[in-house]
Amino acid sequence: MWFFISFVVFFASVVGHSIPACKAPLTRLNDGNLMPRFGFGTWLGLNNDQLPVAVTDDSVQKAVEVAIDAGYRHIDTASIYDDEDQVGKAVNKKIAEGVVAREDLFITTKLWNDAHAREAVVPALQESLQRLNLTYVDLYLIHWPFATETKLPKPYVDIDYLETWLGMVAAKQQGLAKSIGVCNFNLAQMERLWENSSDVKPAVLQVETNLNLQQPELREFCHNNDIAVMGYTPFGSLFPGRAKPDAPPPRADDPQLAAIAGKYNKTVPQVVLRYLLELGVTPIPKSVSSSRILENLDIFDFQLDEFDRRQLKSYHNNYRVVDVKFFSDAKEYPF
Ligand SMILES: NC(=O)c1ccc[n+]([C@@H]2O[C@H](COP(=O)([O-])OP(=O)(O)OC[C@H]3O[C@@H](n4cnc5c(N)ncnc54)[C@H](OP(=O)(O)O)[C@@H]3O)[C@@H](O)[C@H]2O)c1
Ligand SMILES: *[C@@H]1O[C@H](CO)[C@@H](O)[C@H](O)[C@H]1NC(C)=O
Ligand SMILES: *[C@@H]1O[C@H](CO)[C@@H](O)[C@H](O)[C@H]1NC(C)=O
Ligand SMILES: *[C@@H]1O[C@H](CO)[C@@H](O)[C@H](O)[C@H]1NC(C)=O
């Protein structure tokens, strides 16, 4: 009898919080909406000269299709990534094929720096929605806390992000974004936004989070205020090809990391993603390789022990991969 009751309770709790074929657990945001605790990144990143890799083919669309087939339900893009159209094509294709329904997906895009004026926010989102070929996004984020007059990179314009936030609130009230939040705000900026956003509070903070940059202060603030933390660049400098020459260890072949991974019969990237998940962070790893897309998602059948978590914690040294030094003279440069 007890078993039966436990089973029914377990089953009800799973069903009550589920998206068909979504591999990740869900969390309820402070505005009531649900978000899968694991997402898919779509930024192609920087090349060796620290310039954005140009989007020249349909590799992002293909990757998103593979990801949705594999069970990713949360996809991260931005107007500056120049690939919203590819994300949209993949999403609409998978909906047309009956693989997913729109309401089973959680799609994020971001407001670029040149549309921070309060009245520019909704039109910028409408343009993103047109490129995505969607009627709403699940999450709209302010990409950076500073504003520029043109797309890249300067001159700056003096628009307070509290003004921008009012435009974000309008986007939510019009149903164009189910939830709203910010990226790359530091603790002081988060506190100021929190204290001055009486109508609608940010639901999500997306910040770089990885072994070298574990964000203890921001995580604590967000935890205390029920803001979900989404972790970008979750692999940090793990991969030699991507690490800057001065990046501190560890790399993916670090013997201690390899030993932890071996203990769970997992790979180092899987252990890192699992660690972030257990910290309460929602990681959004990017890959355009089918096998790595599958590998990264396969982290929901094991749990790290206290000993290994302590080891993983010890790599924190505040080293940042995405420091956008070319914006470092902005008044609201966050880092
Ligand atoms: N809000 C912001 O300001 C901001 C900033 C940066 C990133 N983001 C978001 O966060 C997402 C993730 O961050 P990111 O792309 O910077 O970095 P990342 O996801 O930490 O790392 C991506 C790199 O790791 C490689 N990789 C992925 N899985 C792997 C695996 N299992 N084994 C070996 N290599 C693997 C990828 O190569 P392959 O593709 O060849 O597999 C790629 O070179 C972005 O795509 C973007 O959506 C947001
Ligand atoms: C937009 O999506 C719809 C399905 O919702 C599809 O029928 C249409 O062809 C798409 N438009 C473009 C331009 O891709
Ligand atoms: C925002 O909040 C802070 C802290 O409560 C306050 O000092 C400041 O005056 C507020 N700013 C605005 C523009 O309302
Ligand atoms: C270890 O993981 C691999 C890849 O997921 C799997 O094929 C293999 O069966 C696993 N081995 C054990 C002992 O569980």
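If you're wondering where the values come from, they're calculated on a predicted model, not measured in any experiment. In each ligand, atom 1 is the first atom listed, and ligand 1 is the first ligand listed.
Close N/O approach between E195 and ligand 3 is found [any backbone or side-chain N/O within under 3.5 Å]. At a 3.5 angstrom cut-off on N or O pairs, D160 does not count as close to ligand 3. Residue contacts with ligand 1: V322 is placed with no nitrogen or oxygen under 3.5 Å of a nitrogen or oxygen of the ligand (distance criterion only). For ligand 1, the polar-atom distance check finds no N/O of K110 at less than 3.5 Å from any of the ligand's N/O atoms.
Near P285, meaning under 4.0 Å from one of its heavy atoms, ligand 1 places the atoms 19 (O). Near H143, the atoms of ligand 1 lying under 4.0 angstrom from a non-hydrogen atom of the residue are 1 (N), 2 (C), 3 (O). Those atoms of ligand 1 with a heavy atom of E295 less than 4.0 angstrom away are 31 (N). For ligand 3, the atoms sitting less than 4.0 Å from at least one non-hydrogen atom of N196 are 1 (C), 2 (O), 3 (C), 10 (C), 11 (N), 12 (C), 14 (O), numbered in the order shown with element in parentheses. For ligand 1, the atoms sitting less than 4.0 Å from at least one non-hydrogen atom of Q206 are 1 (N), 2 (C), 4 (C), 48 (C), numbered in the order shown with element in parentheses. Every atom of ligand 1 is numbered from 1 in the order shown, and the set under 4.0 Å from a heavy atom of D76 is 9 (C), 46 (C), 47 (O). Residue-ligand proximity, C183 to ligand 1, at heavy-atom distances under 4.0 Å covers atoms 1 (N).
Note on ring orientation: taking the six-membered ring where Trp is involved, the planes of W144 and F327 are tilted (angle from 30° to 60°).
Relative to the ring axis of Y136, K178 places its NZ or CZ within 45° and under 6.0 Å from the centre. F302 carries R274 over the face of its six-membered ring, with the cationic atom under 6.0 Å from the centre and within 45° of the normal. Both tests pass for K201 against the ring of W194: distance under 6.0 Å to the centre and angle within 45° of the axis. Taking the ring centre of F235 as origin, the terminal cationic atom of R242 falls outside the region bounded by 6.0 Å and 45° from the ring axis.
Using a 4.5 Å heavy-atom threshold, the side chains of D104 and F106 count as separate. A heavy-atom distance below 4.5 Å is not found between the side chains of P52 and Y81.
Of all protein heavy atoms, the one lying nearest to atom 40 (O) of ligand 1 is R292 NH2, 2.8 Å. Closest protein heavy atom to atom 12 (C) of ligand 1: I284 O, 3.1 Å.
Contacts of K286 with ligand 1, taken as heavy-atom pairs under 4.0 Å, involve both backbone and side chain. For P269, every heavy-atom contact with ligand 1 shorter than 4.0 Å involves the side chain, none the backbone. At a heavy-atom cutoff of 4.0 Å, ligand 1 is contacted by no atom of T77, backbone or side chain. At a heavy-atom distance under 4.0 Å, no atom of Q270 approaches ligand 1. The parts of P234 lying near ligand 1 are both backbone and side chain, judged by heavy-atom distances below 4.0 Å. The part of F239 lying near ligand 1 is the side chain, judged by heavy-atom distances below 4.0 Å. Neither the backbone nor the side chain of L238 has a heavy atom within less than 4.0 Å of ligand 1. Under 4.0 Å from ligand 1, not a single heavy atom of E208 appears.
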Margin query: Set out, in order, the CA-CA distance, both residues' side-chain angles and the distance that settles side-chain contact (heavy atoms from CB on, under 4.5 Å) for Y140 and L176, then state yes or no.
Written below: CA-CA 9 Å; Y140 199 39; L176 301 174; over 6 Å; no
Item checked: Verdict with supporting geometry, K94 and E97, salt bridge (Lys or Arg N to Asp or Glu O under 4.0 Å) -> CA-CA 5 Å; K94 288 299 149 188; E97 284 175 2; 2.8 Å; yes
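At least one heavy atom of Y81 lies less than 4.0 angstrom from ligand 1.
The local environment of NZ in K154 is crowded, with over 12 non-hydrogen atoms from other residues, nucleotides or ligands closer than 6.0 Å. Summarising the local packing, CD of E220 is surrounded by 12 or fewer heavy atoms from other residues, nucleotides or ligands at distances under 6.0 Å.
Less than 6.0 angstrom separates the ring centroid of F185 from the ring centroid of Y161.
Residue T77 is tested with D82, D83, D85 for a side chain to side chain donor-acceptor pair (under 3.5 Å); the sole match is D83. In summary, of the residues considered (H74, R102, R73), a side chain to side chain donor-acceptor pair (under 3.5 Å) with D138 occurs for R102 alone.
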What does the contact table look like for ligand 2 (nitrogen or oxygen on each side, cut-off under 3.5 Å)?
residue: ligand 2; atom: 2 (O); partner: N133; partner atom: OD1; Å: 3.4
residue: ligand 2; atom: 2 (O); partner: N133; partner atom: ND2; Å: 2.3
residue: ligand 2; atom: 11 (N); partner: N133; partner atom: ND2; Å: 2.9

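When D298, V182, N296 are ranked by how near their heavy atoms come to atom 28 (N) of ligand 1, first place goes to N296.
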